[in-house]
Asker: 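To start, I am sharing the structure in question, which I have written as structure tokens.
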2 protein chains.
Amino acid sequence: MLAKSTEYAIRALVYVQLKNWEGKRPGVVEIAREIEAPEAFSAKILQTLTRHQLLDSAKGRGGGFFFNDEQTELSLYKIIHVMEGDGCFHRCGFGLKSCNNENPCPLHEQYKVVRDSFYDIVRKETIQSLSEKIKKGEAVLKRSIT
Amino acid sequence: MLAKSTEYAIRALVYVQLKNWEGKRPGVVEIAREIEAPEAFSAKILQTLTRHQLLDSAKGRGGGFFFNDEQTELSLYKIIHVMEGDGCFHRCGFGLKSCNNENPCPLHEQYKVVRDSFYDIVRKETIQSLSEKIKKGEAVLKRSIT
DNA sequence: TTATAAAAGGACAGCAGGGTCCTTTTATGA
DNA sequence: TCATAAAAGGACCCTGCTGTCCTTTTATAA
Ligand code: FES
Ligand code: FES
């Protein structure tokens with residue numbers, strides 16, 4: 001469904017948010033370890049996120065990644081958009097060049113429903129809402145026990 | 001969502017079904033042209049489908065592709081399974097190594113719903129049900145007008 | 001002011017999916 | 001029986017996503 005890099009991005013951002021709530025600014029090495037993603041690749045992804053200003057970073061000793069205080073809610077949609085574009089929310093599930101209500105493919109009616117549901121989820125859910133669940137112990141960031 | 005090759009496969013099979021209903025057995029060249037897919041690649045895909053017996057073929061002059069009369073309904077699920085496996089119906093949308101009700105990721109509850117809806121669709125819809133819609137003029141196999 | 005810790009950035013390596021091409025096999029009808 | 005039409009199959013190429021490595025920049029603490 002989502003690209004690997006997008007999944008890493010979301011997990012990384014959730015970890016950063018959790019740490020920020022503890023008053024800490026994690027670095028690449030720590031983040032990569034905790035979200036179980038390759039270190040160098042995580043660095044690339046975090047770079048992309050900061051370049052697009054979904055995240056802030058501080059260089060030098062004592063630096064790390066953190067959320068700007070102004071940006072309180074970061075939707076999954078924004079992350080997906082930056083990491084892989086939003087084509088998957090518009091494309092035809094049957095592979096036609098465009099998705100079109102007037103000239104539908106035979107999957108259109110059914111497919112549209114699930115595509116739109118997924119769209120609603122990623123518009124509504126945010127790094128903060130996901131992090132809340134983990135903080136409350138309702139969900140996990142990684143599988144402790146297989 | 002689906003791999004390109006899976007989309008080609010579904011479109012190809014729908015075209016074969018429509019032609020079969022007219023008493024004809026289309027060949028690779030014709031199929032590829034009509035579903036707007038690369039010829040050589042379509043050949044590979046049709047080969048895969050016949051090897052897994054989702055489709056029959058006849059070699060030699062006057063040959064082509066057709067459905068065995070015994071097999072009256074072919075679900076999209078079976079095609080997906082053959083073309084790319086069914087991992088996407090089980091995987092965690094958040095990227096965890098497994099999807100697990102007891103130890104859910106923060107997206108689990110919402111994601112499961114859309115994943116299962118899609119699963120239901122591809123279990124229920126068949127090459128025949130899709131072809132019916134096209135035959136009745138309720139849907140199209142390719143975009144005639146942009 | 002200097003050693004050090006950290007992110008940023010560029011170059012490149014590996015691999016799977018998508019796609020092509022050419023040869024071989026098989027059947028038909030002239 | 002033989003030329004031809006068609007699918008089957010194998011070898012290969014290309015691109016984009018995944019991932020690594022090494023250098024450069026920047027900030028801090030000693
Ligand atoms: S036309 Fe195919 S999903 Fe809308
Ligand atoms: S655990 Fe992530 S979707 Fe089920």
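Letters A, B, ... mirror the listed sequences (proteins, then strands); counts begin at 1.
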Asker: What does B:Val28 touch in the nucleic acid at a heavy-atom separation under 4.0 angstrom: a base, only the sugar-phosphate, or nothing?
Answerer: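 It contacts sugar-phosphate atoms only.
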Asker: Hey, can you pull the residues of residues 34-45 of chain B with a non-hydrogen atom under 4.0 angstrom from DNA chain C?
Answerer: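 Listed by number, they are B:Pro38, B:Ala40, B:Phe41, B:Lys44.
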Asker: Using a strict threshold of under 4.0 Å (side-chain N to carboxylate O), is an ion pair present between A:Glu102 and B:Arg143?
Answerer: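 Salt bridge flag = no for A:Glu102 with B:Arg143.
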Asker: Check this for me: does any side-chain nitrogen of one of A:Glu36 and B:Lys97 sit under 4.0 Å from a carboxylate oxygen of the other?
Answerer: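 Here A:Glu36 pairs with B:Lys97 in a salt bridge, since their nearest N and O are under 4.0 Å apart.
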Asker: Looking at B:Tyr8, I'd like to know whether one of its side-chain N or O atoms comes within less than 4.0 Å of OP1 or OP2 on C:dG19.
Answerer: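 Affirmative; the distance criterion is met.
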Asker: Check each of A:Val82, A:Val122, A:Ile121 against A:Tyr77 using the side-chain contact (heavy atoms from CB on, under 4.5 Å) test, and report the only one that passes.
Answerer: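 It is A:Val122; the other options fail the test.
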Asker: Heavy-atom count around B:Gln53 CD within 6.0 Å, excluding the residue itself: above 12?
Answerer: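 No, the 6.0 Å shell around CD holds no more than 12 heavy atoms from other groups.
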Asker: Using a heavy-atom distance cut-off of less than 4.0 Å, which residues of residues 9-16 of chain B contact DNA chain C?
Answerer: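 None, since no heavy atom is under 4.0 Å.
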Asker: Rounded to the Å, how far apart are B:Leu2 CG and C:dG18 P?
Answerer: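 Distance, rounded to whole Å: 11 Å.
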Asker: Set out, in order, the CA-CA distance, both residues' side-chain angles and the distance that settles side chain to side chain donor-acceptor pair (under 3.5 Å) for A:Asn101 and A:His108, then state yes or no.
Answerer: CA-CA 8 Å; A:Asn101 279 316; A:His108 181 78; 2.8 Å; yes
Asker: Check this for me: A:Lys133, atom NZ, are more than 12 non-hydrogen atoms of other residues, nucleotides or ligands nearer than 6.0 Å?
Answerer: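 Yes, NZ of A:Lys133 has more than 12 neighbouring heavy atoms, counting only those of other groups under 6.0 Å.
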Asker: Would B:Arg33 and B:Glu30 pass as an ion pair if we require N to O under 4.0 Å?
Answerer: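 Result for this pair is no, no salt bridge flagged.
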Asker: With sequence neighbours left out, write down each residue that passes salt bridge (charged side-chain N to carboxylate O under 4.0 Å, His left out) with A:Lys112, or none if nothing qualifies.
Answerer: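 Listed in chain order: nothing, the list is empty.
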Asker: Can you list, by residue number, the residues of residues 80-90 of chain A that have a non-hydrogen atom closer than 4.0 angstrom to DNA chain D?
Answerer: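 Those residues: none at all.
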Asker: Atom CG of B:Leu46 to atom P of C:dT20: distance rounded to whole Å?
Answerer: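 Rounding to the nearest Å, CG of B:Leu46 and P of C:dT20 are 14 Å apart.
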Asker: At a heavy-atom distance below 4.0 Å, what parts of residues 56-64 of chain B sit against DNA chain C?
Answerer: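 The answer is B:Lys59, B:Gly60, B:Arg61.
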Asker: Could you check whether any side-chain N or O of A:Arg115 sits under 3.5 Å from a backbone N or O of A:Arg91, counting only pairs where one atom can act as donor and the other as acceptor?
Answerer: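 Flag set: sc A:Arg115 to bb A:Arg91 pair under 3.5 Å.
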Asker: Hey, is A:Glu7 close enough to A:Lys4 for a salt bridge, meaning N to O under 4.0 Å?
Answerer: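 No, this pair does not count.
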Asker: Test side-chain contact (heavy atoms from CB on, under 4.5 Å) on B:Ile31 and B:Ile35; report intermediate values, then the result.
Answerer: CA-CA 6 Å; B:Ile31 294 171; B:Ile35 67 172; 4.2 Å; yes
Asker: Please list, in 5' to 3' order, the outermost nucleotides of DNA chain D lying under 4.0 Å from any heavy atom of chain B.
Answerer: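 Here the contact window of chain B covers D:dT4 to D:dA11.
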